[in-house]
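For reference, positions follow the sequence shown, starting with 1.
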Amino acid sequence: MSAYILGVDVGTTSVKAVLLKTGSKAVVAGHALPTSSDIIDDSGIKAKEQHTGRIIDTLNRCISLLPADKLKHVSSIGLSGQMHGVLFWKAKGGCDWSKRDFFTAGDTSQLITWQDGRCSSDFLSSLPAPDSHLSVATGFGCATIFWYMKHRPEFLEDFTVAGTIQDYVVSMLCGLGGCVMTPQNAASWGFFNTSSNQWNTDILKGAGFPLHLLPHCVPSGGLAGQTCSDWHGIPAGTPVGAALGDFQCSVYSCMSAQTDAVLNISTSAQLTFAMPADFKPSNSPQPASSISYFPYFKDSYLAVAASLNGGNVLGTFVEMLTAWMKELGAELSDSCVYEKMIRSALNQETTDLRVSPTILGERHKPLCLGQVNNISPTNLSLGHLTRAMCRGVLDNITSMMPAERLQQAGVSRIVGTGSAIARNQVLRQEVEKAFPQPVVYGQNADSAVGVAMVLCDLL
């Protein structure tokens with residue numbers, strides 16, 4: 001009887017689950033569903049939060065759509081998900097297993113996501129300097145906990161455990177009293193040293209940080225435990241991998257050679273390549289640098305230009321247009337507007353309009369927001385603007401990691417992937433103009449597939 005690995009990715013906008021056949025690594029089934037879990041912020045603090053219960057309900061629906069005869073033969077479960085964010089729960093009340101063979105969310109907080117903007121530059125500068133090569137930014141778990149310490153300490157008193165959303169799912173599946181976390185997710189929280197694989201406990205303790213909320217660290221690619229109960233037909237006692245970062249798993253799914261660079265444009269955008277095996281990052285943060293070094297597997301690192309501005313820029317533009325049209329008495333769906341935008345831009349092969357699309361700033365330049373330059377009466381059409389925005393997304397990511405840097409690293413091709421690239425032919429055209437290396441599209445980067453592949457290869 002064939003055995004399968006279940007790979008699950010709990011993303012910013014959707015949950016995806018796939019079944020990978022052990023041996024061949026062929027994907028035999030998969031489903032993705034939108035979580036529709038965003039909470040509207042009316043507090044004025046730039047909060048970006050999601051409803052935990054809705055995310056878990058979506059996860060349950062997603063798994064239940066996979067073939068029941070194959071779920072019975074799942075040999076291990078891997079989870080990845082959105083990094084940086086933080087979720088709080090009570091150790092013994094984090095979920096409810098009374099609904100037969102699945103759990104629902106219990107005594108938890110909302111998920112504060114990586115897009116959260118409550119930690120201002122002034123607030124971040126008031127925090128102690130981390131013993132890490134990675135800077136701390138708004139939306140990072142430890143920064144968010146520091147914010148609650150200062151502004152709403154009573155909120156933290158309600159909870160005993162914290163982790164990313166994917167760590168939470170692993171903890172609930174395994175019936176863990178606390179939270180285990182891999183260096184991939186720990187590094188994304190800040191105040192974690194990837195050379196020693198230790199939290200900066202002395203620094204954090206000195207700042208009054210609630211150390212009991214720090215998860216216990218285990219190796220990336222290792223196990224967290226076993227399922228404590230049957231789960232959608234998957235037997236109790238099935239091994240569960242410690243949760244991994246969605247970024248690392250998406251890269252793992254499509255980087256087939258050390259000389260590949262992966263360009264992923266989905267909600268946000270990342271350009272990455274693998275560093276040599278003996279590479280070690282510096283001992284202190286380089287906050288002004290546009291390139292970060294993310295822990296990968298087996299003590300290796302990825303060089304990453306991680307932009308906050310990707311497909312979300314085009315999504316914001318679509319929302320703006322539909323809102324304007326509604327005010328003008330005309331209504332079109334977002335998808336219809338998007339299609340017309342792309343069609344217009346395909347007919348407009350070049351433009352002298354310049355759009356800097358950094359509407360969310362960047363982690364290394366948080367105050368450098370979007371701009372439109374070189375406006376003239378002849379370049380104000382929808383085609384000009386859409387073409388300029390797509391080009392601007394590429395100009396921004398290549399300014400963060402220039403083509404020369406890729407050539408110096410021996411990168412011989414660009415693997416283009418992500419939902420925005422798959423959906424948008426104009427973006428693909430601009431990708432091919434932006435790099436001297438050949439660009440290939442093919443296997444789409446997929447964190448759910450990647451996490452299943454990791455378990456297949458490393459366990």
Side-chain angles (χ1 to χ4, degrees), residues 8-16 33-62 79-97 99 102-120 123 136-173 176 178-179 181 185-186 188-190 209-210 212-215 243 245-246 267-268 308 312 360:
V8 178
D9 179 60
V10 187
T12 307
T13 56
S14 64
V15 171
K16 182 167 185 179
L33 292 171
T35 56
S36 305
S37 60
D38 285 358
I39 297 170
I40 295 169
D41 172 38
D42 54 11
S43 65
I45 60 170
K46 300 183 181 176
K48 274 282 188 178
E49 299 176 353
Q50 294 183 332
H51 193 287
T52 306
R54 285 189 191 164
I55 295 171
I56 301 306
D57 290 347
T58 306
L59 170 66
N60 283 319
R61 287 204 313 278
C62 214
L79 278 114
S80 72
Q82 46 177 306
M83 298 190 295
H84 307 295
V86 58
L87 171 69
F88 302 91
W89 66 94
K90 282 191 175 172
K92 293 186 177 163
C95 71
D96 177 8
W97 278 97
K99 311 280 197 302
F102 62 91
F103 71 88
T104 53
D107 207 344
T108 77
S109 71
Q110 66 281 26
L111 169 66
I112 300 102
T113 79
W114 60 275
Q115 294 174 309
D116 191 83
R118 74 187 68 198
C119 296
S120 66
F123 178 79
V136 178
T138 186
F140 284 28
C142 282
T144 302
I145 294 172
F146 268 123
W147 186 92
Y148 275 109
M149 276 174 53
K150 180 174 180 180
H151 297 284
R152 288 183 57 196
E154 72 286 353
F155 171 87
L156 295 177
E157 291 169 10
D158 288 340
F159 304 105
T160 57
V161 192
T164 66
I165 181 70
Q166 57 270 26
D167 295 319
Y168 164 77
V169 174
V170 166
S171 295
M172 298 307 104
L173 283 178
L176 302 179
C179 177
M181 186 183 265
N185 287 318
S188 81
W189 263 27
F209 189 94
H212 67 278
L213 292 177
L214 292 176
D246 55 356
T267 307
S268 52
L308 299 174
N312 48 9
L360 299 174

Which atom pair, heavy atoms only, marks the closest approach of [X] to [Y]?
X: D41; Y: I45; result: OD2-N, 3.9 Å
X: K48; Y: Q115; result: CG-O, 3.4 Å
X: N185; Y: M83; result: OD1-CG, 3.6 Å
X: W189; Y: H84; result: CD1-O, 3.5 Å
X: W89; Y: T108; result: CB-CG2, 3.9 Å
X: A143; Y: C119; result: O-SG, 3.6 Å

With S80, which of D246, T164, D9 fulfils side chain to side chain donor-acceptor pair (under 3.5 Å)?
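Going through the options one by one, the only one that passes is D9.
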Does any donor atom in the side chain of T267 or N312 lie under 3.5 Å from an acceptor atom in the other side chain?
no
Evaluate the side-chain proximity of [Y] to [X]: yes if any heavy-atom separation is below 4.5 Å, no if none is.
X: R118; Y: I112; result: yes
X: L87; Y: S109; result: yes
X: P210; Y: M149; result: yes
X: T113; Y: T12; result: no

To the nearest 0.5 angstrom, please state how far the CG atom of L111 sits from the OG atom of S37.
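Here the rounded value is 7.5 Å.
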Show the numbers, then the answer: is there a side chain to side chain contact (heavy atoms under 4.5 Å, CB included) between V136 and F146?
CA-CA 11 Å; V136 178; F146 268 123; over 6 Å; no
